[in-house]
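For reference, the structure is listed below as C-alpha cells.
In what follows, residues are counted from 1 in the order of the sequence shown.
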Amino acid sequence: LNKRHQQIIKDGALIHLERAESYFKEAVNSGDVQYHTDSIYRCNQAYEGILKDAYSFLKSQSEIKLSTFQIEEEFEKNKILKPRVKNSFVNYRKNWRNESTHNHKLFFAEEENILAILNVE
C-alpha cells in the first residue's frame with residue numbers, strides 16, 4: 001500500500017478499532033456491559049471501512065456505492081480473496097455485523113466482544 005492508502009486505513013478503521021478496545025475496557029472497568037455492544041458497533045464500522053477501502057484501492061475508485069455483501073461477491077467473482085479469507089469476511093458479516101444491525105434488542109457479552117474485535121483486527 002502506498003502512504004495515502006495507509007493513511008486512509010489508519011484514519012478510518014484504526015480509529016474505530018481503538019474506540020472498540022476503549023469501550024471494551026470501559027465495560028470491564030465500570031461493569032456496564034452495554035459498552036460491549038457499543039464496542040461491536042465500532043468493530044462493524046471498522047469492518048465496513050476496511051472492506052470498502054480495500055475495494056476502492058483495488059478498483060482505483062474513491063467512492064464506493066456497493067454494500068458489503070456486494071463487495072464480498074465482487075471479491076469472490078474475481079477470485080481476489082482466498083476461500084479462507086472470504087469465509088472470515090462472510091462470518092463477520094453474518095454473525096456480527098448483520099445481527100447487530102438488524103436486531104435492535106440485541107446486546108453482546110464480553111466474550112462476544114472479544115471475538116468481534118479479534119475477527120476485525
For [X] and [Y], work out which heavy atoms get closest and say how close.
X	Y	value
Gln70	Lys65	OE1-O, 4.4 Å
Arg42	Ala20	CB-CB, 3.9 Å
Leu106	Thr37	O-CG2, 4.1 Å

Using side-chain contact (heavy atoms from CB on, under 4.5 Å), reason through Lys59 and Glu74 one step at a time and then give a plain yes or no.
CA-CA 11 Å; Lys59 292 290 188 177; Glu74 282 286 314; 4.2 Å; yes
Using a 3.5 Å cut-off and no angle test, enumerate the donor-acceptor pairs between side-chain atoms of residues 22-31 and protein atoms at least two apart in sequence or in another chain.
| residue | atom | partner | partner atom | Å |
| --- | --- | --- | --- | --- |
| Asn29 | ND2 | Lys25 | O | 3.2 |
| Ser30 | OG | Glu26 | O | 2.6 |
| Ser30 | OG | Asp32 | N | 3.1 |

Would you say the side chain of Ile80 lies within less than 4.5 Å of the side chain of Tyr55, judging by non-hydrogen atoms?
no
Below 4.5 Å, heavy atoms only, C-beta onward: do Asn119 and Tyr47 meet side chain to side chain?
no
Just verifying a value: how many Å separate [X] [atom1] and [Y] [atom2], rounded to the nearest 0.5 Å?
X	Y	atom1	atom2	value
Tyr92	Leu118	OH	CG	11.0 Å
Leu66	Glu73	CG	CD	9.5 Å
Lys52	Thr68	NZ	OG1	7.0 Å

Does the side-chain contact (heavy atoms from CB on, under 4.5 Å) test come out yes or no for Phe108 and Ser39, once each step is laid out?
CA-CA 9 Å; Phe108 290 98; Ser39 176; over 6 Å; no
Please report the C-alpha distance between Tyr35 and Asn113 in whole Å, then the side-chain angles of each, then the deciding distance to 0.1 Å, and finally whether the side-chain contact (heavy atoms from CB on, under 4.5 Å) criterion is met.
CA-CA 9 Å; Tyr35 279 111; Asn113 191 2; over 6 Å; no
For Glu110, check salt bridge (Lys or Arg N to Asp or Glu O under 4.0 Å) against everything at least two apart and list the hits.
none
In terms of hydrophobic clustering (I, L, V, M, F, W, Y; side-chain heavy atoms under 4.5 Å; direct or indirect links), are Phe69 and Phe75 co-clustered?
no
In this structure, would Ile117 and Ile50 fall into the same cluster of hydrophobic residues linked by side-chain contacts under 4.5 Å?
no
I would like to know whether Gln34 and Phe107 meet side-chain contact (heavy atoms from CB on, under 4.5 Å); could you show each step before the answer?
CA-CA 7 Å; Gln34 291 197 28; Phe107 294 98; 4.0 Å; yes
Using atom types as modelled and distance alone, determine if a side-chain donor or acceptor of Asn91 lies under 3.5 Å from a backbone N or O of Asn87.
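Answer holds: no.
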